[in-house]
There are 2 protein chains.
Amino acid sequence: MEYNAKQLQIIEVAERLFSQKGFAGTSVRDIAQEADVNVSMISYYFGSKEKLIEALFQLRMTESSTRLETLVMTSELSALQKFNVFIDSVIDRLMGNQCFHNIMLREQLSSERTPIITEYIRGLKLRNLELIKRMIHEGQEAGEFRKDINVSLMTTTLYGTVNYAIASKDFYKKLNELDHLNDEEFQQHLRGELSHHLKNLFKSTITNEHHIQN
Amino acid sequence: MEYNAKQLQIIEVAERLFSQKGFAGTSVRDIAQEADVNVSMISYYFGSKEKLIEALFQLRMTESSTRLETLVMTSELSALQKFNVFIDSVIDRLMGNQCFHNIMLREQLSSERTPIITEYIRGLKLRNLELIKRMIHEGQEAGEFRKDINVSLMTTTLYGTVNYAIASKDFYKKLNELDHLNDEEFQQHLRGELSHHLKNLFKSTITNEHHIQN
DNA sequence: TTAAAAATCAAACGATCGTTTGAAATAGTT
DNA sequence: AACTATTTCAAACGATCGTTTGATTTTTAA
């Protein structure tokens with residue numbers, strides 16, 4: 001399925017508003033007004049408000065990252081280096097698509113999701129988990145990683161930390177007195193902090209390396 | 001402010017429905033029907049739907065845990081032991097009040113919150129962060145903890161992991177083939193796994209201990 | 001027992017919801 | 001140019017939203 005400019009405009013406005021106000025909290029008239037189209041165009045193009053959010057998911061989900069998969073699976077990096085690349089890619093993906101990932105997180109909290117969206121999310125999570133499992137296994141085979149790693153919970157920590165950091169970013173910004181930074185600068189700052197924090201956190205836990213007391 | 005039985009009934013039903021379907025996705029008629037009261041009782045008792053969710057926040061927020069604070073600050077436990085107690089208390093608090101914490105997480109994702117709710121959340125986060133900071137500082141003074149700990153992000157990882165684990169628990173349950181467990185058993189299982197996972201994760205990162213290769 | 005206060009209810013209020021309609025405007029094709 | 005197909009629009013549809021009303025019942029207090 002491919003969309004024309006007007007359809008994409010509607011989808012992008014809907015993405016932002018769903019993220020800010022939730023699906024139920026956003027009216028089709030809100031979307032139509034901000035997208036500068038007539039209200040009836042939403043039903044005309046997508047069938048319904050429900051189908052609109054499904055179209056959004058279908059669009060964002062199929063923006064696949066095979067690039068990352070092949071990099072992670074075929075390159076000459078060490079297992080830990082690959083894992084660190086993956087951490088950065090998760091940070092970039094979530095922070096670069098905050099609106100969509102806000103919506104996705106909200107949908108996970110809800111018990112009222114469409115089967116279609118549930119399946120989209122489930123498929124994405126399965127693919128991510130499989131990729132991580134292969135990375136961990138590779139590191140274990142090479143003797144780099146410990147044998148007793150709970151991959152499920154490690155993944156939960158990775159996505160949970162980034163998601164919660166984004167959800168709490170305003171709090172974090174005021175707390176650390178970063179008001180002097182503009183949005184772009186602050187986002188970059190947060191990415192760097194998260195990257196450093198998560199790499200440190202996991203390195204201590206998954207590798208067999210000795211700690212050197214500092 | 002104290003509430004009679006009927007008011008508490010309304011608040012509790014509202015808490016469950018807001019958690020399942022979101023604030024905007026829940027109608028006052030939904031709440032009235034499930035709480036077995038007339039629709040007008042909600043306005044009659046609380047003034048409005050908006051005031052109802054504020055009453056919910058006020059009620060849940062004032063269920064304070066000074067018990068934990070005094071335990072953590074005055075007991076004879078080591079810094080790491082205190083921190084582990086705190087980890088368990090976070091897991092218990094979030095898993096024992098999943099409905100309310102779902103609502104709170106959703107409110108954090110939203111850009112449409114009431115100033116009152118925003119302030120409730122901000123105050124809670126500040127108090128939690130201060131408690132953690134004191135614990136970490138105590139451990140650093142005693143030489144138990146490293147000096148270069150990012151308390152903000154550590155807290156983000158703690159709450160982010162537990163929140164995301166709860167949001168993903170259905171996925172986690174199917175993935176690990178735990179369908180044979182009933183709800184109560186599964187919750188206990190998840191608590192234990194989270195506890196072990198988080199304690200391990202942080203111990204490696206915050207303490208000065210040497211790792212022994214296993 | 002009686003009067004005041006509180007609680008409950010069905011019904012209705014105006015507003016807004018998602019969606020449809022049918023005509024008008026525009027674009028595309030021959 | 002003429003015809004078809006697509007897009008756009010104001011208006012209206014019935015449904016549901018949060019809230020209010022005003023009468024009625026129940027509880028409380030004197």
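As the structure is a computational prediction, the values presented were derived from the model and not from experiment. In what follows, every chain begins at residue 1, and chains take the letters A, B, ... in the order their sequences are listed.
- Residue B:Tyr45 has a polar side-chain atom (N or O) positioned under 4.0 Å from OP1 or OP2 of C:dT8.
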Give each protein N/O atom lying under 3.5 Å from an N/O atom of nucleotides 26-28 of chain C, with the pair distance.
none

Polar-atom pairs under 3.5 Å, protein N or O versus N or O of nucleotides 11-17 of chain C: list them with distances, or write none.
residue: C:dA12; atom: N6; partner: B:Arg29; partner atom: NH2; Å: 3.4

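- A donor-acceptor pair is defined here as one N or O able to donate and one able to accept, closer than 3.5 Å; such a pair exists between the side chain of B:Lys49 and the backbone of B:Phe23.
- Judged by distance alone, the side chains of A:Ser110 and B:Gln20 never bring a donor and an acceptor atom under 3.5 Å apart.
- To the nearest angstrom, C1' of D:dT20 lies 14 Å from CE of B:Met41.
- Counting only N and O atoms by type, the side chains of B:Lys125 and A:Ser168 include a donor and acceptor under 3.5 Å apart.
- The interatomic distance linking A:Glu50 (CD) with C:dG18 (P) rounds to 11 Å, in whole Å.
- Between B:Tyr44 and C:dT8 there is no side-chain N or O to OP1 or OP2 distance below 4.0 Å.
- Put simply, CD1 on A:Ile10 is 15 Å from C1' on C:dT19, counting in whole angstrom units.
- Picking from D:dT20, C:dA7, C:dT20 the nucleotide with the shortest atom distance to the side chain of A:Ser43 gives C:dT20.
- Without hydrogens or angle criteria, B:Ser27 side chain to B:Asp30 main chain gives a donor-acceptor distance under 3.5 Å.
- Going from atom CD1 of A:Ile31 over to atom C1' of C:dT19 covers 13 Å, rounded to whole Å.
- Considering only side-chain N and O atoms, B:Lys6 lies under 4.0 angstrom from the phosphate OP1 or OP2 of C:dT8.
- The separation between B:Ile53 atom CD1 and D:dG18 atom C1' is 15 Å, rounded to whole Å.
- Between the CG atom of B:Asn4 and the C1' atom of D:dT28 there is a distance of 15 Å, rounded to whole Å.
- Here the two rings, on B:Phe83 and B:Phe202, have centers that are under 6.0 Å apart.
- For the pair B:Ser43 (side chain) and B:Ser40 (backbone), a donor-acceptor distance under 3.5 Å is absent.
- The separation between B:Leu17 atom CG and D:dG18 atom P is 12 Å, rounded to whole Å.
- In this structure, the ring of B:Tyr45 has its center no less than 6.0 angstrom from the ring center of B:Tyr3.
- Between B:Lys51 atom NZ and D:dG18 atom P there is a gap of 16 Å when expressed in whole angstrom units.
- Between the side chains of B:Asn38 and B:Tyr44, no donor-acceptor pair of N or O atoms lies under 3.5 Å.
- Annotation: side chain to side chain donor-acceptor pair (under 3.5 Å) contacts involving residues 174-188 of chain B, sequence neighbours excluded, comprise B:Gln98-B:Gln187.
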